[in-house]
Student: 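If you scroll down you'll find the structure; I have some questions about it.
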Amino acid sequence: QVQLVESGGGLVQAGGSLRLSCAASGTIFSRNVMSWYRQAPGKQRELVAGITTGGTTNYKESAKGRFTISRDNAENTVYLQMNNLKPEDTAVYYCHLTWTSLAPLKTLNYWGQGTQVTVAS
């Protein structure tokens with residue numbers, strides 16, 4: 001059974017920084033994608049940033065230049081460094097892990113429990 005445990009959320013003033021961590025445990029395929037999503041009250045969950053096992057990254061447009069996603073493959077851990085935070089970054093941030101199994105052929109998705117990030121103006 002795969003589990004994702006997030007940490008690092010909290011309350012910060014606008015312009016401040018936070019670093020989120022997510023540790024995955026269990027039987028995990030060596031080639032996978034780990035991502036951070038967020039969901040603000042009354043809004044849909046959206047992708048913030050993702051990173052492959054090989055280090056390829058992608059970011060939501062508003063996160064570019066402020067957020068950095070990284071990972072430690074040996075520890076199955078993903079990080080999100082968030083700088084110059086804005087009130088509109090306030091949301092619950094979720095860690096996500098996915099890979100495609102070949103036998104049987106299916107895509108597996110796992111979610112963390114979420115961590116609250118609140119940015120005060």
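This chain uses plain numbering: 1 for the first residue, then up along the sequence.
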Student: Please tell me whether N32 and R71 have a donor and an acceptor in their side chains that are separated by less than 3.5 angstrom.
Tutor: yes
Student: Does anything in residues 37-63 pair up under ring-ring contact (aromatic ring centres under 6.0 Å, His included), and if so which pairs, sequence neighbours excluded?
Tutor: Y37-H96, Y37-W111
Student: Residues two or more places apart in sequence or in another chain: which of them pass side-chain contact (heavy atoms from CB on, under 4.5 Å) with N76?
Tutor: A24, I28
Student: Kindly state each residue pair satisfying disulfide bond (SG atoms under 2.5 Å apart) with at least one member in residues 8-118, sequence neighbours excluded.
Tutor: C22-C95
Student: Are I51 and F29 connected in the hydrophobic side-chain network, where two residues link if heavy atoms are under 4.5 Å apart?
Tutor: yes
Student: T90 side chain to V119 main-chain N or O, any donor-acceptor pair under 3.5 Å?
Tutor: yes
Student: Please examine the side chains of W99 and V33, heavy atoms only from C-beta on, and report whether any two atoms are closer than 4.5 Å.
Tutor: no
Student: Donor-acceptor pair, T115 side chain versus G9 backbone, under 3.5 Å?
Tutor: yes
Student: For T107, which residues count as a side-chain contact (heavy atoms from CB on, under 4.5 Å) partner, sequence neighbours excluded?
Tutor: T98, T100, N109
Student: Could you tell me which non-hydrogen atom of A14 sits nearest to which non-hydrogen atom of S121, and how far apart they are?
Tutor: CB-CA, 4.3 Å
Student: I'd like to know if the side chain of Q113 and the backbone of V5 have a donor-acceptor N/O pair within less than 3.5 Å.
Tutor: no
Student: Excluding sequence neighbours, so at least two apart, what forms side-chain hydrogen bond (donor to acceptor under 3.5 Å, both in side chains) with E61?
Tutor: K64
Student: Is there a side-chain contact between L18 and L85 in this structure, where contact means two heavy atoms from C-beta onward sitting under 4.5 Å apart?
Tutor: yes
Student: Residues two or more places apart in sequence or in another chain: which of them pass side-chain contact (heavy atoms from CB on, under 4.5 Å) with K43?
Tutor: A40
Student: Taking only residues two or more places apart in sequence or in another chain, which ones pass side-chain hydrogen bond (donor to acceptor under 3.5 Å, both in side chains) with S70?
Tutor: none
Student: Contact between R38 and E46 at the side-chain level, heavy atoms closer than 4.5 Å - yes or no?
Tutor: yes
Student: Okay, side chain of N73, backbone of T53: is any donor-acceptor separation there less than 3.5 Å?
Tutor: yes
Student: For Q116, enumerate each residue passing the side-chain hydrogen bond (donor to acceptor under 3.5 Å, both in side chains) test, keeping only those at least two apart in sequence or located in another chain.
Tutor: T118
Student: Do you see a donor-acceptor pair shorter than 3.5 Å between the side chains of S17 and N83?
Tutor: yes
Student: Listed by chain and number, what are the salt bridge (Lys or Arg N to Asp or Glu O under 4.0 Å) partners of E75, not counting sequence neighbours?
Tutor: none
Student: Apart from L105 itself, which Ile, Leu, Val, Met, Phe, Trp or Tyr residues share its cluster (side-chain heavy atoms under 4.5 Å, direct or through members)?
Tutor: L102
Student: Would you mind listing every ring-ring contact (aromatic ring centres under 6.0 Å, His included) that reaches into residues 70-95, with sequence neighbours excluded?
Tutor: none
Student: When hydrophobic residues are tied together by side-chain contacts of less than 4.5 Å, even through go-betweens, does Y110 share a cluster with V48?
Tutor: yes
Student: Can you hop from V92 to M34 via hydrophobic side chains spaced under 4.5 Å?
Tutor: no
Student: Got a sec, which residues hit side-chain contact (heavy atoms from CB on, under 4.5 Å) with R66, two or more places apart in sequence or on another chain?
Tutor: N84, K86, D89
Student: With the 4.5 Å side-chain cut-off for hydrophobic clustering, are W36 and L47 part of the same group?
Tutor: no
Student: Is there a donor-acceptor contact under 3.5 Å from the side chain of S7 to the main chain of L20?
Tutor: no
Student: Do V117 and M82 have side chains that approach each other closer than 4.5 Å (heavy atoms only, starting at C-beta)?
Tutor: yes
Student: Rounded to the nearest 0.5 Å, how far does CG of L80 lie from OG of S21?
Tutor: 9.5 Å
